[in-house]
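This is the structure I have questions about; it appears just below.
Per chain, numbering begins at 1; letters A, B, ... match sequence-line order.
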2 protein chains.
Amino acid sequence: MTGKAHIFEGNIERWDETIDVIVVGSGFAGLTAAIEAHNSGASTLVLEKMNAAGGNSIISDGGIAAPGTELQKKYGFVDSPDMMYEDMMKAGLGINYPELVRVVVDNARDVFQWSVDYLEVEYLDRIDIFGGHSVHRCYTAKNITGATIIKKQMEKISELGIEVRFKSYLKNLVVDSNERVCGVVVREDYDYKDPEKGKDRYIKAEKGVILATGGFGADVDFRSSQDPRLTGKIGTTNKPFATSEVIKESINIGAMPVQLSHIQLGPWASPDEAGYGVGPMFSEYIVFQYGVIVDPAIGKRFVNELADRKTLSDKLLSIGHPCIGIADSKAVREAGWNIDSGLKRKVVRKFDSLEEVANFYGISAKEIKETIDRFNENFKEGVDRDFGKPLIENSSPICEAPYYAMRLWPKVHFTMGGIRIDADARVISIEGDVIKGLYAAGEVTGGVHGASRLGSCAITECMVFGKIAGKNIVNQIKI
Amino acid sequence: MTGKAHIFEGNIERWDETIDVIVVGSGFAGLTAAIEAHNSGASTLVLEKMNAAGGNSIISDGGIAAPGTELQKKYGFVDSPDMMYEDMMKAGLGINYPELVRVVVDNARDVFQWSVDYLEVEYLDRIDIFGGHSVHRCYTAKNITGATIIKKQMEKISELGIEVRFKSYLKNLVVDSNERVCGVVVREDYDYKDPEKGKDRYIKAEKGVILATGGFGADVDFRSSQDPRLTGKIGTTNKPFATSEVIKESINIGAMPVQLSHIQLGPWASPDEAGYGVGPMFSEYIVFQYGVIVDPAIGKRFVNELADRKTLSDKLLSIGHPCIGIADSKAVREAGWNIDSGLKRKVVRKFDSLEEVANFYGISAKEIKETIDRFNENFKEGVDRDFGKPLIENSSPICEAPYYAMRLWPKVHFTMGGIRIDADARVISIEGDVIKGLYAAGEVTGGVHGASRLGSCAITECMVFGKIAGKNIVNQIKI
């Protein structure tokens, strides 16, 4: 069958309800947009398909990047929006929308400060440098979780009297006779496990609709149509409801799809647990830094373990089966991370010797010994002759028992593509025009991160474009 | 504004004309589909928006890849569909649709033989190995141009009595009450330079419509929405009418857009001439093989000159200005290609010394001398210590005057993305369903080539899927 016909206002018998602004989605972007729309004077309703707020945002680690903050000054880090711009463009392989990156970096400091001053979000008193950033500019919300931010946003939402309506699933965007998005058809009492349940409600949005529905990392059909490697055999760090229905409905009414095939995988994931899990702490912070990754079929290394996410994930997928990350006791000790939860859940395993590692994973003991010996020889020369891995400070040969190992198999982590917006957060049509009455922010949009997202830039993006969308929808930029 | 409303059959006053099968586009794919549909017993009409047949196909170099041919046996090359499959998947960085690649490679030999036996296309008596192929399997049409194939196809079209109607621009696909594509709205007497000219005609297609309208390499707005680097500052090897209107109309009625942001650039192009031009013969076959590419701003090399198209183009774009390809007289002699036309059009330039090269392009003479000296030293060691370029057989230091040079700046060459089809050439909707009555073949579709197309696989693809579409639209695969 062809795409759904548009729902025009003229086809609707009556509106069940009228409000100024409808925000779809209650993650970082949606809640920010709702607060801003309300504070700009509009009556605002947030629709959330699940029965709790926060979407995927609550399972993020709460890292947010911003240049030029007071905290950076305190710790003596020199940074600027231009430096962050360069970092994001480099990570995105240059195909980011430059004007959208510019908006993110130019507003990052203010929005971070707003989260501190207005939302009263508490951050750890530290600034980290995550992979791909050229300077320490990543702050982490207290308890190392996005839930810390969502909680404060929901407190503010409650204080302001904004309604967040749960189990409300966006079925259609409604278009009026001026080709303006003027409302939504919502399935009320929506049940994720029984989508036929509930009934439709027609809600008019006088000023328009803001889409903040996130990415489609858990939508196997849609993601594999853009990257056919990402079948159901590949897991995801996302919640299972991270699906594509709103992106599809937006395209259906004319929105331009942008860079949908650029989907980020996490190479630090374990196939032996669901979601993000506890394994990445061992793989990303210990194996990649100090250890090796071995293809069990041949017992050899095949990559610079410190390569970027995209390179590592693509290599793993091209090999076609999980590979084994190995580190020794000295590495665990020097890295300083506690891996007990990984061991407890048997995601990370402990072995008395390399022979035991080989036996457990069905690797040739001879090959693995040769591989480790060769890696260790590299330390004498100070250079990884095989894959160019930078041999980091304090690292050393892999030789101290017990050894630790973990299976590695990428999981879908973030969808860079989505619907097209302009710098004012207005959704742009496939013909390049503004779609009146429709705004979007966050992972549902495409173009900010190009081919690959830099860690800790997503929360920044969500809050920056959430604020812009919430403000502009009320003040109605002239078209 | 939002997307166009669908045109339903019920909205149309009357059909001006009725036929079994409408084929849109008259390149390799369209003409093949039309011949096959006719030979399967359907009355068939080809619509072409320009005033001559062949589209972009006539400016291709007429290279077609096929494994397991008689010609390969004659010359002793062992090949198989599986080997070609591996090559295409590798070039496509693994994100090709495996089932579509399978169809191409499994039918390549037969379709090539069909072009010889049935169309009577003449090929040069040679088999080449183009970059990325693991074996000699590329045949070249006589006179090294796709026009040789198009001419034979048009002769067959004429012999069979199939009408090709020129200046007929597809405005809309028409959908019937069963959500089946049942016809088209065409702008007759279409004038590329005056699109308002002409009038609309409604043509019913009893069996359906085959889209074979090619890629969107010349459509600056559309291509830059998918890869923002590809603004009007980047040229194209395509004809100026390689635009996106049919892809957009397909998406409008519900087709799934696939991998649109994967757009192939030719790194061998010159900014000093339009289109594909005469420069690439010097750059690709002489500079890349024997010479160096230098960034004029710093006078240094920056890449393995024999890297794949994508790597070279991305590097050039990231540098942000044209770079200089340089080779010496010995290289030109040994390569055996005639570069007179390049010199005559001043795309390639001749210099008595490296100092002259430096002066002409504004490069530091000192830097360029150091760069060439270092490159030459590599020959003593037999290895390019800087960028890992394989130093090919018969190559030698760059030292024999006169020297030849050319500016290099990538041009858009091919759009890998497009609308989604299945292995039966049926267009698939964004919801993953078959769109009844709608088929597609060639560059308008996405997924066959993944992230990067291998040279000489496009004509194979066009003919394979053209045949499948032409056959299936008549025999109407059950849905």
- Message: Does any backbone or side-chain atom of B:Leu93 lie under 4.5 Å from a heavy atom of chain A? Answer side chain, backbone, both or neither.
- Response: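 Answer is backbone: N, CA, C or O of B:Leu93 sit under 4.5 Å from chain A.
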Heaviest contributor of heavy-atom pairs below 4.5 Å to chain B, chosen from A:Ala451, A:Gly450, A:Pro228, A:Gly446, is A:Pro228
Which pair of heavy atoms, one from B:Gly94 and one from A:Arg229, lies closest together, and at what distance?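 Reported closest heavy-atom pair: O-CG, 3.3 Å.
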Bottom line for B:Ser318: the part with an atom under 4.5 Å from chain A's heavy atoms is neither
Working to the nearest 0.5 angstrom, can you tell me the gap between A:Met256 CE and B:Asp221 CG?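 Answer for the CE-CG pair, A:Met256 versus B:Asp221, is 8.0 Å.
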Taken to the nearest 0.5 Å, the spacing of A:Ile95 CD1 from B:Leu317 CG works out to 11.5 Å
| B:Gly417, B:Pro98, B:Pro257: which one forms the most heavy-atom pairs within less than 4.5 Å of chain A? |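 Among the listed options, the one with the most contacts to chain A is B:Pro257.
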Test item: B:Gln226 side-chain N/O and A:Gln259 main-chain N/O as donor-acceptor pair under 3.5 Å:
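At least one qualifying donor-acceptor pair exists.
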Under a 3.5 Å distance rule, please check whether A:Tyr97 uses its side chain to pair with a backbone N or O of B:Ser225 as donor and acceptor.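 A pair under 3.5 Å: yes.
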| message | Evaluate A:Glu245 against B:Glu431 for side chain to side chain contact (heavy atoms under 4.5 Å, CB included), listing each step before the verdict. | response | CA-CA 9 Å; A:Glu245 69 276 1; B:Glu431 299 291 351; over 6 Å; no
Practice prompt. Find out whether A:Asn252 and B:Ile430 are in side-chain contact, i.e. whether some heavy atom of one side chain is under 4.5 Å from a heavy atom of the other.
Written response: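 No. Closest side-chain heavy atoms not under 4.5 Å.
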Distance, nearest 0.5 Å, that separates CG of A:Asp227 from CG of B:Asn96:
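Spacing of CG (A:Asp227) from CG (B:Asn96) equals 10.0 Å.
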